[in-house]
Student: 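What follows is a single structure, and I will ask about it in a moment.
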Amino acid sequence: MSIKIDHEQLLFHFQVNIATFALLFSEIVQYCQNRVHTVPELQNKLSELGQSVGSHMLDVIFLREKGYKREVKLLNMLIFIKSSFWKIVFGKEADKLEQANDDDRTYYIIEKEPLVNKFISVPKDKGSLNCAAFTAGILEAVLNGANFPAKVTVHWHKGTTFMIKFDESVIARDKMVDSR
Amino acid sequence: MSRQGNRAGDPRKVNGELFTLTYGALVAQLIKDYENDEQVNKQLDKMGYNMGVRLIEDFLARANTGKCNDFRETADVIAKVAFKMYLGLTPVVSNWSTAGDEFSLLLESNPLTEFVELPPGHSNLNYSNLLCGALRGALEMVQMDVDVRFVQDILKGDNITEIRLKFIKRLEDAVPVGED
């Protein structure tokens, strides 16, 4: 007897209303806002919370989806994150994955409107605040946990750009894997 | 395994694990920021209240349930419509008081506590207190003063999670001075 598993059904089985998440995130931003004085501090707090989410998400989603097979090549990992991971976590793939022209350690994932920013409007006095710092935190924890140490920061560019700066060791290691 | 293409999914739904892990990150942060479980409980209740006050508007706009004639109807709407819409589950309504002003919601599973274990030393923490605040806030916006509290919690070792709702009084809109 063969059992057909609806792969996508499995992945989408536990969902909550977007309003539930959006309101929770809004409360979180307000809570953090009351405990810091500057926009960079606020983004840092959000990034830290995101990292807590990301480090747990690694086990739950990444390993389950990849059938417990570790990704070792950098580009494959980035493509997996931009497409499958983003789709599972945020409901759609990220818009673009690019490499910096002049720096082989830096990559960009670009999204016009990140899920977490969907219901957030930033008042003028908050200047450059981008709450997708939370998402940047998730990304950073996932990459670090999967043994691709990196720093991820968020920027207002083409919508929202996540700038991923890998450790030199990651690039060196990847080159070695290539040349085998 | 063949994929079924880029299934869009319901745009009003988000990954449930993202929600659960985000809530977990928040509770962990609150535990760090506050000195004792009671303060964390209060903060969770407050944040839940803020969410409930806004969630009710989304609910009234989308649910089309009409006005409830009595508290029993309210209970049914909460369990069968609201919980289903926002958390994807339907608790059981039970344990009505003889006066009909108190009932319990029984939850066999709780999306907020997926993957969660209470560490020792936090026996007073009402991990899902956000729910109580949300129910209280939402009901206040429809003119009901209701006391909401946990009486049993699977996280604390009970067999089931039970939330008790007690109707206190009907709230009248305050009439501004000078108008009658």
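In the text below, chain A, chain B and the rest are named by the order of the sequence lines, each starting its count at 1. Fair warning: this is a prediction, and the values are worked out from it, not measured in the lab.
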Student: At a heavy-atom distance under 4.5 Å, which candidate from B:L55, B:L87, B:T22 has the highest pair count against chain A?
Tutor: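 Ranked by heavy-atom pairs under 4.5 Å with chain A, first place is B:T22.
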Student: Go through A:F134, A:F25, A:F21, A:F90 and name the one with the most non-hydrogen pairs under 4.5 angstrom from chain B.
Tutor: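 Highest number of pairs under 4.5 Å: A:F21.
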Student: Looking at A:A19, A:C32, A:S52, which has the largest count of heavy-atom pairs under 4.5 Å with chain B?
Tutor: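 Highest number of pairs under 4.5 Å: A:A19.
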Student: From B:L21 CG over to A:M57 CE, what is the distance, rounded to the nearest 0.5 angstrom?
Tutor: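 Nearest 0.5 Å value for the CG-CE distance: 5.0 Å.
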Student: In Å, rounded to the nearest 0.5 Å, how long is the span from CD of A:E111 to OG1 of A:T160?
Tutor: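 The distance works out to 7.5 Å.
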Student: Sort out for me which of B:T20, B:L89, B:L26 touches chain A most, counting heavy-atom pairs under 4.5 Å.
Tutor: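 Top option by heavy-atom pairs under 4.5 Å: B:L26.
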Student: Hey, mind stepping through B:F103 and B:F71 against ring-ring contact (aromatic ring centres under 6.0 Å, His included) and telling me if it holds?
Tutor: CA-CA 9 Å; B:F103 68 93; B:F71 204 43; 5.3 Å; yes
Student: Taking side chain as everything from C-beta outward and backbone as N, CA, C, O, which of these in B:L130 sits under 4.5 Å from a heavy atom of chain A? Side chain, backbone, both or neither.
Tutor: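 Only the side chain of B:L130 comes within 4.5 Å of chain A.
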Student: Atom CH2 of A:W156 and atom CG of A:N117: how far apart are they, to the nearest 0.5 Å?
Tutor: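 If we round to the nearest 0.5 Å, A:W156:CH2 and A:N117:CG are 5.0 Å apart.
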Student: Contact part of A:Q30 toward chain B, heavy-atom cut-off under 4.5 Å: side chain, backbone, both or neither?
Tutor: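 Only the side chain of A:Q30 comes within 4.5 Å of chain B.
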Student: In Å, rounded to the nearest 0.5 Å, how long is the span from CD1 of A:I28 to OH of B:Y23?
Tutor: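 Between A:I28 CD1 and B:Y23 OH, I get 10.0 Å after rounding to 0.5 Å.
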Student: Among B:Q29, B:Q43, B:R54, B:K46, single out the residue with the greatest number of heavy-atom pairs under 4.5 Å to chain A.
Tutor: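 The candidate making the most pairs under 4.5 Å is B:R54.
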Student: Relative to each other, are the rings of B:Y86 and B:F59 parallel, tilted or perpendicular (30° and 60° limits)?
Tutor: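 Judged by the thresholds at 30° and 60°, the geometry between B:Y86 and B:F59 is tilted.
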Student: Can you tell which part of B:D58 gets under 4.5 Å to a heavy atom of chain A, answering side chain, backbone, both or neither?
Tutor: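 When you check distances to chain A, only side chain atoms of B:D58 fall under 4.5 Å.
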